[in-house]
A.B. asks: 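Following this message is one structure expressed as structure tokens.
Ligands are counted one by one from 1 in listed order, and the atoms in each one are counted from 1 as well.
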Amino acid sequence: MAHEVEITLPNARKVTVQTGLFLNNEFVSSANGKTFPTVNPATGEVIVQLQEADKADVDIAVQNAKKAFKEWRHTEGAARGQLLYKLAAIIEANLMDLSEVETADQGKTLAGSKANAISAANVLRYYAGWADKIHGKTMMDTDSFFNFTRHEPYGVTAGIIPWNYPLSMWAWKVGPAVATGNVIIVKSSEKTPLSALLLAQYAKEAGFPPGVIQVLNGYGPTAGQALVEHPEIAKIAFTGSGRTGRRILETSSKTNLKKVSLELGGKSPAVVFDDADIDKAVSVLAAKFYFNNAQTCVASSRIYVQEGIADAFTKKFAAAAQAIKVGDPFTDGVNQGPLVDDIQFNNVLKYIDAGKEEGARLVTGGRRIGSQGYFLEPTIFSEVPEGAKIMREEIFGPVTCINTFKTEDEVLERANNTTYGLAAGVFTKDLNRAIRVSSALEAGTVWVNCFMEIGPTVPFGGFKESGQGRELGEYALNEWTQIKSVKVNMS
Ligand code: NAD
């Protein structure tokens, strides 16, 4: 059965997408024959039906992966790297298809999808460069033994990815996994499955052998849970909600203790001191926050502004929010598309109601736009009680809180008073303060006079309940390899 479907995009262009499960380099039907729809959030209309993976398909994928690993682990690093380089080039050659399909499926602007696709290619290229540089150390502490370490792949691994950055998350998992000699099964989000399948098609085109990279479409409690429970999967890399992350850890502990890395979102503070360049702080924070509708794990959803500049900052930030053009993400000049689906949309509306009920001041926004699709006004609350739901919980929508502070000590205490610790920002012209505050903020990444600057070379991950392990950069290689010590008796 063919699983290639020509779809007509909202801009009237026709693109061929894959809808099968990508097993052993073929797009195939699911074992139970079930399908599920993916929906364009700008219109609420079904784009296409996809094959839905379940436990039986996970089993097939694992058996394929085990077979593939036998050869892949002995493939030279340089050869693995070459395939990743080729994949990156194919992504760039197909930028238009990939980003337009992503925008139709996910709702972010075309410029946003393009940026994500380019960044995915860059991440794959970065790990291509590492593929022939994975090595251990020698320890010559005595003449009796020759000791050395090997950084070995885990074998069969899985990546479970979310719907907010499907292209980037695919690359963040696949790049380091295959560069280090693992084979990987990716489960895409049921809300945004299309780009993962295009990437799978490109991986085949690049020449990856069958079973090295496989992609399953399906739901979390079925396909996702089956991956997590599988006794022959040695490692899971997960990005998504804290609730699912906890469940994955629990399942791992009850099954084969597979290694788990987690990236679980945040409630990131941005601290703006009164010596900061206000215009720069406003333009950076507004552009980065509302990008992808703030459906971003690092979104600066708590902005603390020092008293002296608070009124000016809030007015300028409100003006920046009001200037954001919300609408059809295929249209030039639109800065913000719809939220990903009705569930997310209704969740965010509930948070807006909670903000009003808990006494925060609605500065701007808060309303639905139009009656079709899931469009929402960029929203700002100020004077938010520190204990309010919207100050404490991850909203994952275009709603930010602006509060004021008097002193550095006070703001540090408030900024750190969260169970999350993914990222934070500080805006100041005082270098000493920038260093002092970035050291004191409890977060895996601190941006100084910038925000949400993420690239392949710098590690990314959370303190506290924002996760465990690191992605990107050299540090991520540790997450995908296990160290073997070898002692050779020389006597
Ligand atoms: P989720 O955690 O349910 O989904 C993320 C991925 O995990 C998806 O691929 C999903 O199918 C899979 N999954 C779900 N249950 C699973 C299970 N039992 N075993 C294995 N895999 C499973 O997140 P969601 O429901 O899509 O979004 C809910 C909230 O999570 C959002 O509102 C947001 O706050 C947060 N979120 C965070 C991130 C992030 O980047 N950290 C990304 C997406 C969502």
Side-chain angles (χ1 to χ4, degrees), residues 36 38 41 50 52-55 58 105-108 116 158-170 172-173 185-193 195-196 215-230 233 236-252 254-255 258 260-268 291-299 301 339-351 374 389-390 392-399 419-423 444-445 452 454 460-462 464-469 471-472:
F36 70 103
T38 190
L50 293 105
E52 180 189 330
D54 209 335
K55 190 174 177 311
V58 168
D105 204 18
Q106 203 272 348
K108 69 181 62 171
N116 290 172
I160 298 181
I161 62 176
W163 46 262
N164 54 343
Y165 291 89
L167 285 165
S168 314
M169 293 302 107
W170 193 98
W172 288 24
K173 286 7 178 207
I185 302 162
V186 177
K187 195 202 79 65
S188 54
S189 167
E190 55 275 32
K191 301 181 189 203
T192 55
S195 58
V215 175
L216 296 174
N217 330 309
Y219 290 93
T222 49
Q225 184 70 18
L227 285 167
V228 182
E229 284 174 4
H230 206 288
I233 293 179
I236 297 256
F238 171 77
T239 302
S241 66
R243 183 176 32 86
T244 306
R246 284 182 154 79
R247 199 184 168 124
I248 289 175
L249 275 185
E250 194 185 331
T251 308
S252 162
K254 287 183 179 156
T255 53
K258 52 178 62 66
V260 175
S261 63
L262 302 171
E263 199 275 271
L264 307 176
K267 191 72 190 169
S268 303
F291 179 81
N292 197 23
N293 250 317
Q295 298 168 120
T296 303
C297 49
V298 295
S301 51
L339 285 131
V340 75
D341 66 1
D342 53 340
I343 300 172
Q344 196 63 15
F345 180 71
N346 289 320
N347 274 346
V348 177
L349 285 176
K350 277 189 206 144
Y351 276 112
Y374 312 115
K389 233 169 130 68
I390 56 169
R392 310 208 66 79
E393 297 179 16
E394 187 176 43
I395 299 175
F396 237 60
V399 181
T419 54
Y420 288 109
L422 189 60
T445 298
M452 213 169 107
I454 298 173
F460 180 84
K464 302 199 252 184
E465 293 178 26
S466 285
Q468 50 192 46
E471 296 189 286
L472 300 181

A.B. asks: Should the proximity of Ser188 to ligand 1, defined as any heavy atom under 4.0 Å, be assigned to the side chain, the backbone, both, or neither?
C.D. replies: backbone
A.B. asks: Could you go through Val348 and Ile395, starting from their C-alpha distance and side-chain angles, then the distance that decides it, and tell me whether this counts as side-chain contact (heavy atoms from CB on, under 4.5 Å)?
C.D. replies: CA-CA 6 Å; Val348 177; Ile395 299 175; 4.2 Å; yes
A.B. asks: Output the list of atoms in ligand 1 that are nearer than 4.0 Å to some heavy atom of Val228, sorted by atom number.
C.D. replies: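 Per the distance check, 20 (C).
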A.B. asks: With respect to Lys108, which candidate in Asn292, Asn293, Thr192 satisfies the side chain to side chain contact (heavy atoms under 4.5 Å, CB included) definition?
C.D. replies: Asn292
A.B. asks: When you measure from the side chain of Glu394 to the backbone of Gly266, do you find a donor-acceptor pair of N or O atoms at a distance under 3.5 Å?
C.D. replies: yes
A.B. asks: Answer yes when Arg246 and Glu465 have at least one side-chain N-carboxylate O distance shorter than 4.0 Å, and no when they do not.
C.D. replies: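 Between Glu465 and Arg246 there is a salt bridge, with a charged N closer than 4.0 Å to a carboxylate O.
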A.B. asks: Can you tell me which residue and heavy atom of the protein come closest to atom 9 (O) of ligand 1, and the distance to 0.1 Å?
C.D. replies: Ile161 O, 2.8 Å
A.B. asks: What is the closest protein heavy atom to atom 26 (O) of ligand 1, and at what distance does it sit?
C.D. replies: Trp163 NE1, 2.6 Å
A.B. asks: For atom 4 (O) of ligand 1, decide whether some protein heavy-atom distance is shorter than 4.0 Å.
C.D. replies: no
A.B. asks: Could you check whether any side-chain N or O of Ser268 sits under 3.5 Å from a backbone N or O of Val298, counting only pairs where one atom can act as donor and the other as acceptor?
C.D. replies: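 Yes, because the side chain of Ser268 sits within donor-acceptor range (under 3.5 Å) of the backbone of Val298.
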A.B. asks: Among all protein non-hydrogen atoms, which one is nearest to atom 43 (C) of ligand 1, and what is the separation to 0.1 Å?
C.D. replies: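 Minimum-distance protein heavy atom for atom 43 (C) of ligand 1 reads Pro162 CB, 3.5 Å.
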A.B. asks: Any idea which atoms of ligand 1 are less than 4.0 Å away from a heavy-atom of Leu264?
C.D. replies: 41 (N)
A.B. asks: Out of Leu227, Asn164, Thr244, whose heavy atom is nearest to atom 40 (O) of ligand 1?
C.D. replies: Asn164
A.B. asks: Which atoms of ligand 1 sit under 4.0 Å from any heavy atom of Arg247?
C.D. replies: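 Checking each atom against Arg247, I get 18 (N).
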A.B. asks: Which ligand 1 atoms does Gly265 reach within 4.0 Å, using its non-hydrogen atoms?
C.D. replies: 41 (N)
A.B. asks: Counting heavy atoms only, name the option from Glu190, Glu394, Met169, Lys267 that's nearest to atom 11 (O) of ligand 1.
C.D. replies: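 Result: the heavy atom closest to atom 11 (O) of ligand 1 is in Glu190.
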A.B. asks: Using 4.0 Å as the upper bound for N to carboxylate O, is an ion pair formed by Lys254 and Glu229?
C.D. replies: no
A.B. asks: Starting from atom 38 (C) of ligand 1, which protein heavy atom do you reach first, and at what distance in Å?
C.D. replies: Phe396 CZ, 3.4 Å
A.B. asks: Does some side-chain heavy atom of Lys464 sit less than 4.5 Å from a side-chain heavy atom of Thr419?
C.D. replies: no
A.B. asks: Considering heavy atoms of the protein only, find what lies nearest to atom 14 (C) of ligand 1 and give residue, atom and distance to 0.1 Å.
C.D. replies: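 Protein heavy atom at minimum distance: Gly220 CA, 3.4 Å.
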A.B. asks: About how many Å separate CD of Gln106 and OG1 of Thr38, when rounded to the nearest 0.5 Å?
C.D. replies: 10.0 Å
A.B. asks: What's the shortest distance from atom 20 (C) of ligand 1 to any protein heavy atom, and which residue and atom give it?
C.D. replies: Gly224 C, 3.2 Å
A.B. asks: Among all residues two or more places apart in sequence or in another chain, which pass the ring pair (Phe, Tyr, Trp, His ring centres under 6.0 Å) test with Trp172?
C.D. replies: Phe460
A.B. asks: Any heavy atom of Tyr165 closer to ligand 1 than 4.0 angstrom?
C.D. replies: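 Tyr165 does not count as a contact of ligand 1 under the 4.0 Å cut-off.
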A.B. asks: Looking only at distance, does Lys187 have an N or O less than 3.5 Å from an N or O of ligand 1?
C.D. replies: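 Indeed, backbone or side chain, Lys187 has an N or O that close.
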A.B. asks: Report, in ascending order of atom number, the atoms of ligand 1 lying under 4.0 Å from any heavy atom of Cys297.
C.D. replies: 39 (C), 40 (O), 41 (N)
A.B. asks: Under a 4.0 angstrom heavy-atom cut-off, which atoms of ligand 1 come close to Gln344?
C.D. replies: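 Matching atoms, with element in brackets: 32 (O).
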A.B. asks: Quick one: list whatever passes ring pair (Phe, Tyr, Trp, His ring centres under 6.0 Å) with Phe345, sequence neighbours left out.
C.D. replies: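 Result, ring pair (Phe, Tyr, Trp, His ring centres under 6.0 Å) vs Phe345: Tyr374.
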A.B. asks: Can a donor-acceptor pair be found, under 3.5 Å and without considering hydrogens, that links the side chain of Thr251 to the backbone of Arg247?
C.D. replies: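 Checking the backbone N and O of Arg247 against the side chain of Thr251, a donor-acceptor pair under 3.5 Å is found.
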A.B. asks: What protein heavy atom sits nearest atom 18 (N) of ligand 1, and how far off is it?
C.D. replies: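 For atom 18 (N) of ligand 1, the nearest protein heavy atom comes out as Gln225 OE1, 3.1 Å.
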A.B. asks: Give the residue and atom name of whichever protein heavy atom lies nearest to atom 28 (C) of ligand 1, and the separation in Å to one decimal.
C.D. replies: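 Closest protein heavy atom to atom 28 (C) of ligand 1: Ser241 CB, 4.1 Å.
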A.B. asks: Would you say Ser466's side chain and Gly265's backbone share a donor-acceptor pair under 3.5 angstrom?
C.D. replies: yes
A.B. asks: Does the side-chain contact (heavy atoms from CB on, under 4.5 Å) test come out yes or no for Thr244 and Phe238, once each step is laid out?
C.D. replies: CA-CA 9 Å; Thr244 306; Phe238 171 77; 3.6 Å; yes
A.B. asks: With a cut-off of 4.0 Å, which atoms of ligand 1 are near a heavy atom of Ile160?
C.D. replies: 6 (C), 7 (O), 9 (O), 12 (C), 20 (C), 21 (N)
